[in-house]
Amino acid sequence: MRVLWFLKCSDPSTYPMPRWHMKYNMPLLFCMVSGFTKSLTHLVINTLPVVSIITTSIGKARGYGSVAFFQTLPVYSLLITSLFNMAPVVRVEPNGIQTLLSYDNARDDLERNGWHLFIEKFKGFNLRVAQEFALTFRWLQGKDR
Amino acid sequence: VQLEVTEEFLSQAMGLPAVGQKWFKNAKVEEVPWTLMFTSRKITSCDRGMPVSSLKPRWHDLLAIVKQFITCEGRFGLVFLYHLRLLMSFIGFPLNMPYFLLRSLYKMGKRFRKQRSDSSLFHHGLIKIILVHQLQSQNDCWDSFII
């Protein structure tokens with residue numbers, strides 16, 4: 001279930017960004033990794049705990065004397081999973097209107113400061129355009145700072 | 001599309017005035033009482049970051065918004081000094097946001113050209129706002145630009 005959900009959300013352009021993603025760090029990091037290769041890597045990594053639990057069960061069922069290796073597999077695989085969940089992420093800003101609706105307490109402050117108009121202008125993005133922009137963005141006034 | 005991104009351009013594109021202190025992350029935070037934002041009065045340093053829970057509840061939502069739109073990062077559990085400086089603009093210590101974002105865009109572009117990694121790429125939404133503003137001035141639109 002988790003793997004299917006991840007594959008569905010791995011493309012940041014379709015990332016739904018509900019309120020609980022904004023509040024907590026882990027799911028955000030988990031599903032904001034983009035690209036097919038990374039999706040495939042995460043698919044493998046996320047199935048590791050399941051695979052290792054199955055192998056542990058098989059090891060026990062076959063009556064191996066020392067099952068230490070099989071017993072530690074889930075621990076290692078969970079550790080690897082945690083590490084890969086902290087992999088580089090594509091940092092994508094959410095839709096402004098959704099965010100403002102989620103944060104009722106902040107709306108008054110934003111309006112007083114004039115930031116609400118700015119945040120409401122955030123209406124999606126295009127990864128390719130952002131990449132090209134970053135590649136060609138240069139400091140024209142004097143030398144690079 | 002060729003465009004020159006300046007503070008004035010960003011100010012027009014974002015609808016934010018280019019007034020207030022010209023400050024960026026690498027400068028010191030001076031004469032700003034950021035310690036008032038914490039529940040404990042014993043906090044006098046925030047160099048290595050503090051847990052968000054140590055902030056007064058009023059700032060939690062605003063901090064999340066700042067992290068998502070202005071600084072564009074994922075470390076939602078920690079608050080750093082530059083976050084506090086940005087938040088202080090809500091209580092009478094205005095910041096020149098076009099200047100801040102221009103410097104942030106430049107820093108991001110420089111890092112992205114060096115690393116060529118999507119993890120160093122951010123300000124996606126801001127880039128779209130800039131381009132949409134430029135396209136509108138040329139009587140063009142985003143959809144036709146993408147095609």
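Throughout, a chain's letter reflects where its sequence line sits, starting with A, and its residues are numbered from 1.
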Mind checking salt bridge (Lys or Arg N to Asp or Glu O under 4.0 Å) for B:Arg41 and listing every partner two or more places apart, or none if nothing turns up?
none

So does B:Phe80 get a backbone contact from the side chain of B:His83, meaning a donor-acceptor N/O pair under 3.5 Å?
yes

With a 4.5 angstrom heavy-atom cut-off, which part of B:Ile70 approaches chain A: side chain, backbone, both or neither?
side chain

What part of A:Phe133 gets closer than 4.5 Å to chain B, counting heavy atoms only: side chain, backbone, both or neither?
side chain

Answer yes if the ring centres of B:Phe93 and B:Trp34 are under 6.0 angstrom apart, and no otherwise.
no

What part of B:Leu101 gets closer than 4.5 Å to chain A, counting heavy atoms only: side chain, backbone, both or neither?
side chain

Main-chain N/O of A:Phe137 paired to B:Arg113 side chain as donor or acceptor, under 3.5 Å:
yes

Heavy-atom pairs under 4.5 Å with chain B: which of A:Leu117, A:Val129, A:Thr136 has the most?
A:Val129

Proximity breakdown for B:Trp59 and chain A, heavy-atom pairs closer than 4.5 Å
neither

Heavy-atom side-chain contact between B:Leu86 and B:Met97 under 4.5 Å
yes

Per-residue contact mode, B:Leu16 against chain A (heavy atom under 4.5 angstrom)
side chain

If you count every heavy atom of other residues, nucleotides or ligands that lies below 6.0 Å from B:Gln138 atom CD, does the total exceed 12?
yes

For B:Leu105, is it the side chain, the backbone, both, or neither that has a heavy atom closer than 4.5 Å to a heavy atom of chain A?
both

